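Notes for the one structure printed next.
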There are 4 protein chains.
Amino acid sequence: MNFNSKKPIYLQITDYFLNSIISKKYNIGDRILSVRDLAIQLGVNPNTVMRAYTYLQDKNIIFNKRGIGYFISENARENAIDIKYKEFTNDELPEVFDTMKILGISFADLKKLYKKHKTKKSKTHENK
Amino acid sequence: MNFNSKKPIYLQITDYFLNSIISKKYNIGDRILSVRDLAIQLGVNPNTVMRAYTYLQDKNIIFNKRGIGYFISENARENAIDIKYKEFTNDELPEVFDTMKILGISFADLKKLYKKHKTKKSKTHENK
Amino acid sequence: MNFNSKKPIYLQITDYFLNSIISKKYNIGDRILSVRDLAIQLGVNPNTVMRAYTYLQDKNIIFNKRGIGYFISENARENAIDIKYKEFTNDELPEVFDTMKILGISFADLKKLYKKHKTKKSKTHENK
Amino acid sequence: MNFNSKKPIYLQITDYFLNSIISKKYNIGDRILSVRDLAIQLGVNPNTVMRAYTYLQDKNIIFNKRGIGYFISENARENAIDIKYKEFTNDELPEVFDTMKILGISFADLKKLYKKHKTKKSKTHENK
DNA sequence: GTGGTCTAGACCACC
DNA sequence: GTGGTCTAGACCACA
């Protein structure tokens with residue numbers, strides 16, 4: 001993870017977990033890194049990681065076993081998808097659609113931009 | 001304008017001007033409200049309005065006649081469109097497309113959401 | 001406020017606000033002390049207060065006006081009552097009832113303890 | 001025993017013994033499971049069980065015969081009741097009564113909640 | 001070893 | 001002036 005200056009680090013951490021859970025990199029019951037260890041690995045203060053974990057626990061994505069660590073919750077994937085989807089439809093999309101209207105961008109235009117984006121992505125993959 | 005959104009107020013103000021200029025509510029040479037007056041009208045700190053005006057002046061959207069006021073610049077519309085478009089393709093869209101991928105939302109799904117958004121909007125208009 | 005060693009300080013702060021809102025010491029729209037000021041007044045670190053405020057904002061008890069401060073939310077009282085009531089019936093009460101059963105304390109006994117508690121309270125008030 | 005509750009595990013274990021002794025599931029002189037065995041049975045760290053046993057020994061509920069094991073003490077039941085009762089009247093009850101006052105819950109309301117709690121309990125038993 | 005709370009203090013964006 | 005994020009580091013309870 002290399003941090004995007006824009007978003008707070010702790011939210012980038014939560015995002016990493018949400019995405020990883022959705023794409024099944026983490027599965028129910030998996031233990032995740034301890035607060036300290038993840039902090040060291042990310043070169044970040046434990047408080048920052050703690051903040052991310054607290055958020056995820058609040059949203060029922062992870063849970064804590066006392067003195068042992070944090071684990072992926074039962075319905076983590078469903079909850080993660082739910083959070084992401086709400087964010088998407090309530091925050092991201094309306095903004096995009098409004099901008100489209102103002103700029104006079106049609107849905108057909110959007111499709112072109114979509115294809116361009118996909119090819120760009122795949123190229124960056126090739127270069128690795 | 002909703003000042004409790006996540007977006008800084010001064011950016012919401014600049015956005016209002018960008019949009020208004022693009023949709024020709026303001027035209028070249030028009031005088032806009034003084035910092036003071038707009039601040040009062042919006043119930044906002046004059047510093048905040050000042051910041052928006054400075055931003056717009058920086059981007060050649062408005063210009064200042066000392067002691068007289070702020071006016072819409074020559075190429076305001078072109079510049080506004082340019083700013084908006086860059087923001088759209090560089091910041092908003094990639095984020096949206098990435099989220100789509102993670103959530104497994106197809107472009108066809110997006111179209112449905114687009115239509116839903118349009119009908120919702122028009123309904124709110126009718127109700128006014 | 002003088003802090004109970006048992007409960008975390010930040011939760012005692014949230015509790016103070018919940019109780020104050022329920023008993024109408026704070027009303028909708030009231031501004032509450034700034035993070036810094038409350039921290040100073042309580043002799044506590046601003047982070048601790050911040051934590052309490054973040055919690056209350058999450059629960060829709062208070063909201064933030066950018067750069068201005070925190071204010072009591074629209075439905076603060078309802079939400080506060082809801083939180084307290086759930087805590088009461090889900091956490092506190094079952095424990096009490098279970099203990100009663102184990103110790104063989106009847107509901108009539110409980111009433112006596114209730115009256116005793118009330119008279120004790122009123123006495124402490126008289127002594128002030 | 002639910003080890004994810006807010007209560008420390010070692011206290012949940014002591015509670016189990018206190019309750020069992022009060023309800024005469026354990027009697028004077030009975031040997032209880034070794035630290036090791038109980039730890040295995042509960043899927044818990046031996047240190048945690050040890051802590052519970054130390055606590056109980058401190059309170060004269062159990063005693064240790066070196067090299068042999070832990071046994072129920074002479075006045076275990078009286079002591080257990082004493083501990084529970086003090087905890088009940090000094091800690092649990094005042095909290096409950098205070099919350100009642102804040103929420104405007106009368107003693108009559110409490111009775112309703114009491115009845116509801118009893119019927120709920122008996123139903124869960126039936127379903128087993 | 002684990003997390004949870006807290007302090008002291010910094011820096012930043014925003015109003 | 002306001003809050004928001006972050007660091008560094010401490011201390012504690014718990015397993």
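In what follows, every chain begins at residue 1, and chains take the letters A, B, ... in the order their sequences are listed. Bear in mind that the values here come from a model prediction, so they are computed numbers and not experimental data.
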Check your understanding: Mind pulling the stems DNA chain E is in, i.e. runs of at least three Watson-Crick or G-U pairs, everything under 3.5 Å?
Key -> E:1-14 with F:1-14
Whole Å only: how far is the [atom1] atom of [X] from the [atom2] atom of [N]?
X: Lys6(C); N: dC6(E); atom1: NZ; atom2: C1'; value: 20 Å
X: Gln57(C); N: dT2(F); atom1: CD; atom2: P; value: 16 Å
X: Leu33(C); N: dG1(F); atom1: CG; atom2: P; value: 15 Å
X: Phe3(A); N: dC6(F); atom1: CZ; atom2: P; value: 9 Å
X: Phe71(A); N: dA15(F); atom1: CZ; atom2: C1'; value: 12 Å
X: Lys7(D); N: dG3(E); atom1: NZ; atom2: C1'; value: 20 Å
X: Ile9(C); N: dT7(E); atom1: CD1; atom2: C1'; value: 10 Å
X: Asn64(A); N: dT5(E); atom1: CG; atom2: P; value: 11 Å

Check your understanding: Is it true that the NZ or CZ of Lys65(A) lies under 6.0 Å from the centre of Tyr70(A)'s six-membered ring and within 45 degrees of the ring axis?
Key ->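 No.
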Please name the pair of heavy atoms, one in [X] and one in [Y], separated by the smallest distance, quoted to 0.1 Å.
X: Ile13(A); Y: Ala52(A); result: CG2-CB, 3.6 Å
X: Ala80(B); Y: Ile22(B); result: CB-CG1, 3.8 Å
X: Thr48(B); Y: Val44(B); result: CB-CG1, 3.7 Å

Review point. Quick one: is Arg66(A) getting a side-chain N or O under 4.0 Å of the dA15(F) phosphate, OP1 or OP2?
Key: yes
Check your understanding: Is there a side-chain polar atom (N or O) of Tyr10(B) under 4.0 Å from OP1 or OP2 of dC15(E)?
Key -> no
Check your understanding: Between dA15(F), dC15(E), dT2(E), which one does the side chain of Asn45(B) approach most closely?
Key ->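 Closest nucleotide to the Asn45(B) side chain: dC15(E).
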Exercise for review: Return the nearest nucleotide to the side chain of Val44(C); candidates are dA15(F), dT2(F), dT7(E).
Suggested key: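 Closest of the options to the side chain of Val44(C): dT7(E).
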**Study point:** Asp15(C) and Lys7(C) ion-paired at < 4.0 Å
**Key:**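 Salt bridge: yes.
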Review point. Do NZ/NE/NH1/NH2 and the carboxylate oxygens of Asp82(B) and Lys59(B) come within less than 4.0 Å?
Key: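 Answer for the salt bridge query: no.
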Point to revise | Residue closer to the 5' end of DNA chain F, Arg36(A) versus Leu11(D) (nearest nucleotide) | key: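 It is Arg36(A), whose closest nucleotide lies nearer the 5' terminus.
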Point to revise | Closest-nucleotide 5' rank along DNA chain F - winner of Ile32(C) and Pro8(A) | key: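 Whichever sits nearer the 5' end wins; that is Ile32(C).
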Exercise for review: Assess whether atom CD of Glu74(A) is packed by more than 12 heavy atoms of other residues, nucleotides or ligands within 6.0 Å.
Suggested key: no
Revision key, fill the gap. What residues 47-56 of chain B contributes to the DNA chain E interface at heavy-atom separation below 4.0 Å is Thr48(B), Arg51(B)
Exercise for review: Consider only side-chain N and O atoms of Asn19(C) and Lys25(C), and report whether a donor and an acceptor are under 3.5 Å apart.
Suggested key: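 Per modelled atom types, Asn19(C) and Lys25(C) side chains form no pair under 3.5 Å.
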Exercise for review: Test ring-ring contact (aromatic ring centres under 6.0 Å, His included) on Tyr55(C) and Tyr10(C) and set out the steps.
Suggested key: CA-CA 9 Å; Tyr55(C) 173 89; Tyr10(C) 79 92; 7.3 Å; no
Review point. How do Lys65(A) and Ile68(C) order along DNA chain E: which one's closest nucleotide is nearer the 5' end?
Key: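 That would be Lys65(A).
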Exercise for review: Determine yes or no for a side-chain-to-main-chain donor-acceptor pair under 3.5 angstrom, with Arg51(D) supplying the side chain and Leu11(D) the backbone.
Suggested key: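 Looks like no, no N/O pair under 3.5 Å.
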